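Quick notes on the structure that follows.
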Amino acid sequence: MLELSRIRTDKEQVIAALSKRNINAEPTINELLSLDTQWRGIKQELDRTLEEANRIAKEIGQCYKEGRVGEGNELKQQTTVLKQQESALKVESDALETAIQQLLYQIPNTPFQDVVKGKDLNDNQVVFQSGTVPSFNFQAKPHWDLCKEKQIIDFELGVKVTGAGFPFYRGKGSKLQRALISFFLDEASAAGYEEYQAPLMVNEASGIGTGQLPDKEGQMYHDATDNLYLIPTAEVPLTNIFRDELIQHPEFSFKLCGYTPCFRREAGSYGKDVRGLNRLHQFDKVEIVRVEHPDNTSRALEEMVEHVKGLLDKLELPYRVLRLCGGDMGFASAMTFDFEVYSAAQEKWLEVSSVSRFDTFQANRLKLRFKDHDKKTKLCHTLNGSALALPRVMAALLENHQQADGRVAVPNALQAYTGFDYI
RNA sequence: GGAGAGGUGGCAGAGUGGUCGAAUGUACCUGACUCGAAAUCAGGCGUACUGUCAAAGGUACCGUGGGUUCGAAUCCCACCCUCUCCGCCA
């Protein structure tokens with residue numbers, strides 16, 4: 001959520017920044033500011049009425065205390081009118097506040113200065129590319145065939161027991177999953193991220209804090225009995241650790257990581273790119289989360305990008321890094337780098353990580369603030385990234401490291417974790 | 001699931017209808033003392049909104065939402081959450 005005060009003071013700058021997302025925010029902003037002006041008028045009137053009522057109430061108390069009962073009763077008469085005014089103004093004020101809030105929820109984050117204007121994924125810029133795309137002198141198999149052949153992931157069994165998008169991992173497939181999780185966590189720890197095991201269900205307040213609610217309600221699995229939500233990413237519990245926090249000093253830097261399964265209903269995304277591991281309702285991911293002083297955000301983002309690069313290098317996968325254009329960025333993001341791994345058999349790029357800075361957008365909703373050097377209370381900056389999401393990494397490993405003899409080679413960095421060299 | 005206790009400022013913890021945005025302690029900031037530190041002493045110190053060039057000032061906030069009252073942290077109702085004990089159970 002953008003700060004209203006900023007929209008008020010930097011209206012043109014906000015509109016210009018939002019235009020990079022290929023949207024024209026001007027009508028919404030104008031409506032917002034008009035409502036805001038109305039609200040402030042009402043608020044002042046309401047405050048004056050309340051002040052008057054408070055003053056009289058005190059006087060009445062004083063009268064009774066000093067035995068001037070008649071005077072007190074007289075004053076009581078006056079409050080009747082004030083109370084009517086007060087409740088009328090309150091209704092008006094509440095309605096305006098709600099309307100303002102709803103408009104604010106609709107406005108996405110303003111892109112950071114480095115972000116280029118663009119419409120969709122075709123306008124994303126490749127800022128880095130690494131590794132070589134393997135060329136096979138045999139017919140490369142897609143991962144769903146390899147999985148079936150080697151009996152390492154069973155999609156049909158998942159359908160039987162739960163439903164589509166909930167596969168079973170078996171044998172070496174299961175061990176490879178475990179290896180990847182440990183590898184990612186160890187790498188994150190080595191980079192200074194503290195490891196957390198987070199709850200897999202969160203309450204409503206947390207859903208609102210990180211922006212899943214109310215906007216994307218239908219994307220989360222919801223337990224109505226206890227009103228809890230299955231997390232779509234570890235970002236939700238990890239970031240909500242900081243909800244309603246006021247950090248007392250300007251020197252802070254929080255780096256956390258966590259492995260969790262992620263649950264996504266993926267409502268409305270049927271039919272496209274859902275084959276095999278490409279899109280699941282339950283998948284595993286190691287997430288890195290940072291909370292930073294605004295001065296450190298750019299450096300932190302750079303570090304996170306380098307961290308993810310290191311992971312893909314060690315997994316010996318060909319990948320590229322995209323800086324997303326305004327139109328392709330997520331709602332809350334100020335700048336996003338996507339990591340895509342080339343899938344040799346599917347002959348396409350698969351997104352395996354997304355690293356973003358949110359600046360104050362999330363912190364505003366979370367009420368996550370700190371005391372700066374100038375003693376003023378300011379909003380923190382938040383960042384997060386996947387490091388990494390497992391299924392597509394798994395798919396890419398299988399497809400890119402398959403050999404003519406039918407075996408799949410396990411990258412060196414993983415062998416200590418898996419205990420085997422080939423699948 | 002049953003019974004009980006409780007939710008107040010960064011933390012701890014008083015406060016049962018007006019003088020309470022709230023004692024006290026602690027933490028923190030400033031100053032004095034000191035070569036310096038500790039200790040001590042004096043002063044300051046919640047959050048949000050509004051207001052303003054900046055202020056002053058004003059309003060709201062004592063788990064949440066209602067209610068009673070001229071006036072609510074305090075009384076009433078509903079809900080949420082936490083803790084303890086019992087039961088069940090990994």
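What you see is a predicted model; the values in this text were computed from it and never measured. Just so you know, these numbers use all the heavy atoms, side chains as well, and skip hydrogens, waters and symmetry mates. In what follows, chains carry the letters A, B, and so on, assigned in the order in which the sequence lines appear, proteins first and then strands, with residues in each chain numbered from 1.
- The side chain of A/Arg369 has B/A48 as its nearest neighbour among B/U59, B/U19, B/A48.
- For B/U8 and B/G4, the P atoms lie 22 Å apart once the distance is rounded to whole Å.
- None of A/Glu194, A/Glu235, A/Glu303, A/Glu302 except one satisfies the salt bridge (Lys or Arg N to Asp or Glu O under 4.0 Å) rule with A/Arg290; the exception is A/Glu303.
- Nucleic acid contact for A/Lys83: sugar-phosphate only, since backbone atoms but no base atoms lie under 4.0 Å from a heavy atom of the residue.
- Heavy-atom nearest nucleotides on RNA chain B were determined for A/Gln62 and for A/Ile56, and the one closer to the 5' end corresponds to A/Gln62.
- Closest of all the heavy-atom pairs between A/Gly258 and A/Leu185 is C-CD2, 4.2 Å.
- For the pair A/Arg21 (side chain) and A/Asn109 (backbone), a donor-acceptor distance under 3.5 Å is present.
- Sorted by first and then second residue, the salt bridge (charged side-chain N to carboxylate O under 4.0 Å, His left out) pairs with a member in residues 84-94 of chain A read A/Lys90-A/Asp94; sequence neighbours excluded.
- Stem list for RNA chain B (at least 3 consecutive Watson-Crick or G-U pairs, distances under 3.5 Å): B:1-7 with B:80-86, B:10-12 with B:24-26, B:28-32 with B:40-44, B:46-50 with B:57-61, B:63-67 with B:75-79.
- Listed nucleotides B/C70, B/U47, B/A60 differ in distance to A/Thr377; the shortest reach to its side chain belongs to B/U47.
- Rounded to an integer number of Å, the gap from CG of A/Asn73 to C1' of B/G71 is 14 Å.
- Distance check on atom P: B/G63 versus B/G57 gives 28 Å, rounded to whole Å.
- Checking each of A/Pro261, A/Cys262, A/Pro167 against A/Phe283 for a side chain to side chain contact (heavy atoms under 4.5 Å, CB included) leaves exactly one that passes, namely A/Cys262.
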In B/S/- notation, 5' to 3', how is nucleotides 49-54 of chain B contacted by protein heavy atoms closer than 4.0 Å? BSS---

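- Residue contacts for A/Lys371: at a heavy-atom cut-off of 4.0 Å it reaches the sugar-phosphate backbone alone, with no base atom in range.
- Across every non-hydrogen atom of A/Ala395 and A/His143, the tightest pair is CB-ND1, 3.4 Å.
- Taking atom P on both B/A23 and B/U30, the two are 23 Å apart, rounded to the nearest angstrom.
- Spacing between atom CD of A/Glu71 and atom C1' of B/C70 amounts to 14 Å, rounded to whole angstrom units.
- Of the residues near RNA chain B, A/Ala57 and A/Ile60, the one whose nearest nucleotide (by heavy atom distance) lies more toward the 5' end is A/Ala57.
- Taking atom P in both B/A55 and B/G51, the straight-line distance is 13 Å, to the nearest Å.
- For B/C29 and B/C83, the P atoms lie 33 Å apart once the distance is rounded to whole Å.
- Here the C1' atom of nucleotide B/G21 and the NZ atom of A/Lys58 are 11 Å apart, to the nearest Å.
- Nucleotides B/C11 and B/G2, compared at atom P, are 32 Å apart to the nearest Å.
- Note on A/Leu50: only backbone sugar-phosphate atoms sit closer than 4.0 angstrom, heavy atoms only; bases stay farther off.
- Atom pair A/Gln84:CD and B/C70:P shows a separation of 13 Å (rounding to whole Å applied).
- Judged by distance alone, with hydrogens and angles left aside, the side-chain atoms of A/Thr79 form a donor-acceptor pair with the main-chain N or O of A/Lys76 at under 3.5 Å.
- Atom P of nucleotide B/A48 and atom CD of A/Glu245 are separated by 14 Å, given to the nearest angstrom.
- Residue-level contact check: A/Leu246 touches the backbone only, with heavy atoms under 4.0 Å from sugar-phosphate atoms and none from bases.
- Rounded to an integer number of Å, the gap from A/Leu228 CG to B/C81 P is 9 Å.
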Candidate pair A/Arg68 and A/Glu71, rule salt bridge (charged side-chain N to carboxylate O under 4.0 Å, His left out), full reasoning: CA-CA 6 Å; A/Arg68 293 178 283 140; A/Glu71 211 175 313; 2.8 Å; yes

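- We find that A/Asp372 and A/Lys378 are joined by a salt bridge, their nearest charged nitrogen and carboxylate oxygen being less than 4.0 Å apart.
- The main-chain N or O of A/Ile423 is found under 3.5 Å from a side-chain atom of A/Lys150 such that the two form a donor-acceptor pair.
- The distance between atom CG of A/Leu75 and atom P of B/U69, rounded to the nearest whole Å, is 18 Å.
- We find that NZ of A/Lys378 is positioned 17 Å from C1' of B/U47, with the value rounded to whole Å.
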How far apart are the C-alpha atoms of A/Tyr193 and A/Met304, what are their side-chain angles, what is the distance that settles it, and do they pass the side chain to side chain contact (heavy atoms under 4.5 Å, CB included) test? CA-CA 11 Å; A/Tyr193 294 88; A/Met304 292 167 82; 3.4 Å; yes

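- Using C1' as the reference atom, B/G71 and B/G87 are 47 Å apart when rounded to the nearest Å.
- Residue-level contact check: A/Asn54 touches the backbone only, with heavy atoms under 4.0 Å from sugar-phosphate atoms and none from bases.
- Spacing of P atoms, B/G21 relative to B/C33, comes out at 38 Å, to the nearest Å.
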